[in-house]
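What follows is a short report on a single structure.
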Amino acid sequence: MPELPEVETTRRGIAPHLTGHRITAITVRNRQLRWPISDHLIATLPGEVIHAVERRGKYLLLRCDHGTLLLHLGMSGSLRLVSDTTPAGRHDPVDLQLDSGQRLRLTDPRRFGSLLWCEGDLADHPRLAHLGPEPLGEAFSGDHLYQQAAGRRVAVKNLIMDGHVVVGVGNIYANEALFCAGIDPRRAANRISRARYQRLAEAIRQVLQRAIDAGGTTLRDFVGGDGKPGYFRQQLQVYGRGGEPCERCGSALQVERIGQRSSVYCRRCQH
DNA sequence: CCCAAGACCTGGCGGC
DNA sequence: TGCCGCCAGGTCTTGG
């Protein structure tokens, strides 16, 4: 589920229910996530008040009195607010009990998500320190991509999915943005002009922003606890549409693996 | 430094 | 129906 737009949608959905509230208890049913949940986190979190809910890349940041909870949803994670009598399912490894009576429940069947506790300077945290710029922020541009591409022969699709280059671009939106920009996903990163990177940066921004905007409409359902977002599916031009006609030229969309990830593109429109 | 591949996990699907 | 292999929205680690 979670690419940047979904993480941002989640952030917006949960923030009003968390901000200003105290975590009164943490229930850990399975601590084996991407990294085991630390004893220190479990001991420390109860009693902390959440002052703000922010996002860096695909990490949600719950800023508390004495530190920050970093929450990553991995491949299959989602968060919901539930009442404290809602029975937990098989794949609900963690609940945070709040002083409002609600619980923030993490559901994560594949357990690639993570919960980390950071007490020092957030910017120095090993998971955050080397991340690239936010795609919707000022520091991200075609020039930035062009500079990052220098000397790199990987496929451009792999470049833009590299979190050290730019955060938040997952497999879905990498495919979409490259289609929008008319760039062949297999093209070597260092064989693309500055002008075309400008177009690509713009496409990345646009595609992510549009998805976030679409996500906004499901916020209420999400927080109510039953929402499985599927809202942006209809807007996808290439992802999940291998073999179907290209929206622009009508020729059949090509499916191919690039860097272990399934990729879809139009042979006629993307060069 | 760059890059490809393997690793972590579970569930759903299509094919036989 | 049952089993098997493959696929899945992420990213860290390892080894060349």
Side-chain angles (χ1 to χ4, degrees), chain A residues 1-11 29-37 55-60 70-79 88-94 106-116 125-132 135 147-179 185-191 204 207-208 210-212 214-215 218 222 227-243 255-264:
Chain A
M1 307 203 186
E3 292 217 24
L4 185 147
E6 299 214 356
V7 177
E8 178 60 20
T9 298
T10 298
R11 189 191 69 76
R29 301 180 191 86
N30 189 341
R31 54 198 298 178
Q32 301 305 315
L33 302 184
R34 180 69 162 83
W35 294 284
I37 298 171
R55 180 184 59 73
R56 176 74 176 100
K58 295 172 190 163
Y59 282 93
L60 287 166
L70 278 60
L71 226 157
H72 198 292
L73 300 176
M75 292 271 266
S76 59
S78 62
L79 289 169
R90 212 158 106 57
H91 300 297
D92 299 340
V94 179
L106 172 67
T107 300
D108 187 7
R110 290 176 72 181
R111 288 190 275 122
F112 287 165
S114 55
L115 260 74
L116 301 166
H125 191 279
R127 299 277 74 79
L128 304 180
H130 308 291
L131 293 181
Q147 283 158 23
Q148 291 293 312
R152 300 192 59 176
R153 285 176 296 181
V154 281
V156 60
K157 176 162 181 270
N158 294 336
L159 183 85
I160 62 174
M161 290 179 68
D162 180 347
H164 305 291
V165 171
V166 57
V167 296
V169 182
N171 197 35
I172 294 177
Y173 293 110
N175 281 300
E176 294 299 309
L178 286 160
F179 175 79
R186 301 165 301 175
R187 178 169 285 273
N190 64 352
R191 309 253 335 261
I204 288 171
V207 113
L208 293 176
R210 289 229 301 259
I212 290 171
T218 67
F222 184 81
K228 282 277 184 202
Y231 49 87
F232 58 84
R233 287 265 164 197
Q234 312 88 311
Q235 299 187 37
L236 297 177
Q237 312 231 49
V238 290
Y239 182 85
R241 304 192 48 191
V255 183
E256 205 165 309
R257 292 194 86 77
I258 301 173
Q260 321 275 75
R261 310 301 297 276
S262 140
S263 309
V264 192

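Because only heavy atoms are used, hydrogens play no part in the values below, and waters and symmetry mates are left out as well, while side chains stay in.
Residue A:Tyr173 places none of its side-chain N or O atoms closer than 4.0 Å to OP1 or OP2 of C:dG9. Residue A:Arg257 places at least one side-chain N or O closer than 4.0 Å to OP1 or OP2 of C:dA8. Note on A:Arg152: a side-chain N or O is less than 4.0 Å away from OP1 or OP2 of B:dC3.
Counting atom types as modelled, A:Glu3 pairs no side-chain N or O with a base atom of C:dG10 as donor and acceptor under 3.5 Å.
Put simply, A:Phe112 does not rest on the base of C:dT11: the two rings are not both less than 5.5 Å apart at their centres and under 30° in tilt.
Nucleotides C:dT11 and B:dG12 have their C1' atoms positioned 23 Å apart, rounded to a whole Å. Separating the P atom of B:dG11 from that of C:dC12 is a span of 24 Å, rounded to the nearest Å. Rounded to whole Å, the P atom of B:dC9 lies 24 Å from the corresponding atom of C:dC3. Spacing of P atoms, C:dC6 relative to B:dG6, comes out at 13 Å, to the nearest Å.
Checking C:dG9, B:dC3, C:dG10 against every side-chain atom of A:His72, the shortest atom distance belongs to C:dG10.
Taking atom CG on A:Leu33 and atom P on C:dC12, their separation rounds to 15 Å, with Å as the unit. One can place CD of A:Gln260 at 18 Å from P of C:dT13, the figure rounded to the nearest angstrom. Rounding to whole angstrom units, CG of residue A:Asn171 and C1' of C:dA8 are separated by 10 Å. Distance, A:Asn30 CG to B:dT10 P: 8 Å, rounded to whole Å. Following rounding to the nearest Å, A:Met161 (CE) and C:dG9 (P) show an atom-to-atom distance of 8 Å. Computed from coordinates, the A:His130 NE2 to C:dG10 P distance equals 21 Å when rounded to whole Å. Atom CG in A:Leu70 sits about 14 Å away from atom C1' in C:dT11, given to the nearest Å. The distance between atom NE2 of A:His164 and atom C1' of B:dC3, rounded to the nearest whole Å, is 13 Å.
At a threshold of 4.0 angstrom between heavy atoms, the contacts of A:Arg90 are confined to the sugar-phosphate backbone, with no base atom among them. Using a 4.0 Å heavy-atom cutoff across all strands shown, A:Gly163 reaches no nucleic acid atom at all.
When the nearest nucleotides of DNA chain C are assigned to A:Gly168 and A:Arg110 by heavy-atom distance, the more 5′-ward of the two goes with A:Arg110. Between A:His91 and A:Arg34, the residue anchored nearer the 5' end of DNA chain B, judged by the nucleotide with its closest heavy atom, is A:Arg34.
To the nearest 0.5 Å, atoms NZ (A:Lys58) and CD (A:Glu3) are separated by 5.5 Å. Remark: A:Ile160 CD1 to A:Leu178 CG distance equals 4.0 Å, nearest 0.5 Å.
Listed here is the closest heavy atom pair of A:Asn175 and A:Ser262: ND2-O, 3.6 Å. Between A:Pro135 and A:Leu4, the closest heavy-atom pair is CG-CD1, 3.9 Å.
When both distances must be under 3.5 Å, the Watson-Crick or G-U wobble mate of C:dG9 does not exist.
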Original post:
Passes side-chain contact (heavy atoms from CB on, under 4.5 Å), A:Arg152 versus A:Val165? Steps please.
Top reply: CA-CA 12 Å; A:Arg152 300 192 59 176; A:Val165 171; 3.8 Å; yes
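Side-chain atoms of A:Gln237 never come within 3.5 Å of backbone atoms of A:Glu176 as a donor-acceptor pair (strictly under, hydrogens ignored).
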